[in-house]
2 protein chains.
Amino acid sequence: MDSKIVNLRSKLEVYKAVSGGGNFSNCPVREVIQGVSGKWSSLLMMALAEQPYRFGELRRLVPDISQRMLTQTLYDLQRDGYVHREVFPTKPPSVEYSLTDLGHSMFGALHQLILWAELNHDAVRGARADFDAAQG
Amino acid sequence: MDSKIVNLRSKLEVYKAVSGGGNFSNCPVREVIQGVSGKWSSLLMMALAEQPYRFGELRRLVPDISQRMLTQTLYDLQRDGYVHREVFPTKPPSVEYSLTDLGHSMFGALHQLILWAELNHDAVRGARADFDAAQG
DNA sequence: TAGTGCTGGTCTCTTTTTGAGACCACCACT
DNA sequence: AGTGGTGGTCTCAAAAAGAGACCAGCACTA
């Protein structure tokens, strides 16, 4: 067990103590994590970390997102301060989305998870296949 | 812009090249991230990184999860190889959930995001409040 | 001996979230 | 005059999640 995990263990104790009931219901980390935990949030963060994109470009970049969810996810990311939305007065008007400083900062952490996923996605797929084979 | 982000930029170029259509639809990272992106997944990973827990303990630890979603999320985490499920022949039988090696490894990466959330949740809340105040 | 509680779930029903696709105004270009 | 691209919104259907009843089996208690 490495030091990070030991460190977290003590953090968890703190949460449980603070929340009073010995549970996670008031954990302030939850709302932040849930903001990133949407189906499309991390994917859009990945795209915008690369460079700013316009609405239509994002739609083409992530073809299986519905226009409705693209609108809504970008709105939520903007609301949480990760994404900046700028309208340019072209004809027709174009809208550019980019990461804020807070967004770049958050992406630095999210990036670790993405790197892990890159390295281990075959292990996860393997586990999934084994499990399905064993359980039916 | 730090080196991590520059590094990722090149990674993204690779994905777009590989997928053929210049988009994210085949990105292998997506399925891994989505496995962690469930509403309850990261919370249960946090709990189990602390120590193994039994079903009822987890339910008490996360009081606002329904029994149905607790069952299902644990099942999914087990299927992806992050969680080990062990039944003890007590009366009545008890079931213990713990992280596998893969689960601990993944949590190491998720941990970065959790630490970020700890440090920045007030900034996110502030952004949210500002946005709501401005937009109505 | 009957009642109560705890175990880890499943089943059904309702509510919320998401997806699919039509529709919109505006303007440029052909 | 028709077509296409802009960034959306609106409606309706499908999928996912939440709420809560129910279950068998055994221990403990009254």
Side-chain angles (χ1 to χ4, degrees), chain A residues 22-25 30-31 33-45 47-48 51-80 83-98 131 135-136, chain B residues 22-25 30-31 33-45 47-48 51-80 83-98 131 135-136:
Chain A
N23 60 49
F24 281 98
S25 45
R30 278 187 59 171
E31 54 181 326
I33 297 291
Q34 298 220 350
V36 192
S37 291
K39 183 173 180 182
W40 305 106
S41 311
S42 49
L43 205 56
L44 293 179
M45 289 294 298
L48 294 176
Q51 62 177 255
Y53 279 111
R54 287 173 46 193
F55 187 87
E57 292 176 321
L58 288 170
R59 189 159 46 91
R60 283 186 289 275
L61 207 57
V62 187
D64 54 343
I65 194 175
S66 65
Q67 215 160 349
R68 188 182 161 283
M69 285 313 291
L70 182 54
T71 301
Q72 185 175 315
T73 306
L74 287 170
Y75 182 91
D76 292 344
L77 291 175
Q78 188 193 354
R79 193 173 97 102
D80 283 3
V83 161
H84 172 69
R85 177 180 186 270
E86 189 160 7
V87 182
F88 293 98
T90 56
K91 314 255 166 124
S94 57
V95 181
E96 188 184 82
Y97 293 91
S98 55
F131 186 84
Q135 299 284 334
Chain B
N23 60 50
F24 281 99
S25 44
R30 278 186 60 170
E31 56 181 324
I33 297 292
Q34 298 222 349
V36 192
S37 292
K39 181 171 180 182
W40 304 107
S41 312
S42 49
L43 204 57
L44 293 179
M45 289 293 299
L48 294 175
Q51 63 177 255
Y53 279 111
R54 287 171 48 192
F55 187 88
E57 291 176 319
L58 287 171
R59 189 158 48 92
R60 284 185 289 275
L61 207 55
V62 186
D64 55 344
I65 193 174
S66 64
Q67 216 159 348
R68 187 182 162 281
M69 285 313 292
L70 181 55
T71 302
Q72 183 175 314
T73 306
L74 287 170
Y75 182 91
D76 291 344
L77 290 175
Q78 188 193 354
R79 193 173 96 102
D80 283 2
V83 160
H84 172 69
R85 177 180 187 271
E86 188 159 8
V87 182
F88 293 99
T90 56
K91 315 258 167 137
S94 56
V95 181
E96 188 184 84
Y97 292 91
S98 56
F131 186 86
Q135 298 285 333

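Within every chain, numbering begins at 1; the chains are lettered A, B, ... in the order of the sequence lines, protein sequences first and strands thereafter. Computed over heavy atoms, backbone and side chain alike; hydrogens, waters and symmetry mates excluded.
The CE-P distance, from B:M69 to C:dC13, rounds to 20 Å in whole Å. Across the protein-nucleic acid pair, A:I65 atom CD1 and C:dG21 atom P stand 16 Å apart, rounded to whole Å. Atom pair A:R85:CZ and D:dT6:P shows a separation of 15 Å (rounding to whole Å applied). Following rounding to the nearest Å, B:Q72 (CD) and C:dC11 (C1') show an atom-to-atom distance of 14 Å. A straight line from NZ of B:K91 to P of C:dG8 spans 16 Å, rounded to a whole angstrom. Rounded to a whole Å, the CG atom of A:L70 is 14 Å from the P atom of C:dA20. Summarising the geometry, the separation between CG on B:L44 and P on D:dA17 is reported as 13 Å, rounded to the nearest angstrom. Atom CZ of B:R60 is separated from atom C1' of C:dT7 by 10 Å (rounded to the nearest Å).
Phosphate proximity of D:dA16 to B:K39: absent, as no side-chain N or O sits under 4.0 Å from OP1 or OP2. Considering only side-chain N and O atoms, B:R68 lies nowhere under 4.0 angstrom from the phosphate OP1 or OP2 of C:dT15. OP1 and OP2 of C:dG9 both lie 4.0 Å or more from every side-chain N or O belonging to B:R54. In terms of phosphate contacts, A:W40 brings no side-chain nitrogen or oxygen within less than 4.0 Å of OP1 or OP2 of C:dT17. Note on B:Q67: every side-chain N or O is 4.0 Å or more away from OP1 and OP2 of D:dA19. Taking only side-chain nitrogens and oxygens, A:Y97 comes nearer than 4.0 Å to OP1 or OP2 of D:dG8.
Of the possible donor and acceptor atoms, one in the side chain of B:E57 sits under 3.5 Å from a partner among the backbone N and O of B:R54.
With respect to the salt-bridge test (charged N to carboxylate O, under 4.0 angstrom), the residues A:D64 and B:R30 qualify.
Centroid-to-centroid, the aromatic rings of B:Y97 and B:Y75 stay 6.0 Å apart or farther.
The side chain of B:S66 lies closest to D:dG18 when the candidates are D:dG18, C:dG8, C:dA20. Of the candidates C:dT7, C:dC27, D:dG8, the closest approach to any side-chain atom of B:P92 belongs to C:dT7. Nearest to the side chain of A:T71, among C:dG8, D:dA17, D:dG8, sits D:dG8.
Residues B:T73 and B:L77 meet the side-chain proximity criterion, which asks for heavy atoms closer than 4.5 Å.
A distance of 4.0 Å separates CG in B:L70 from CZ in B:F55, rounded to the nearest 0.5 Å.
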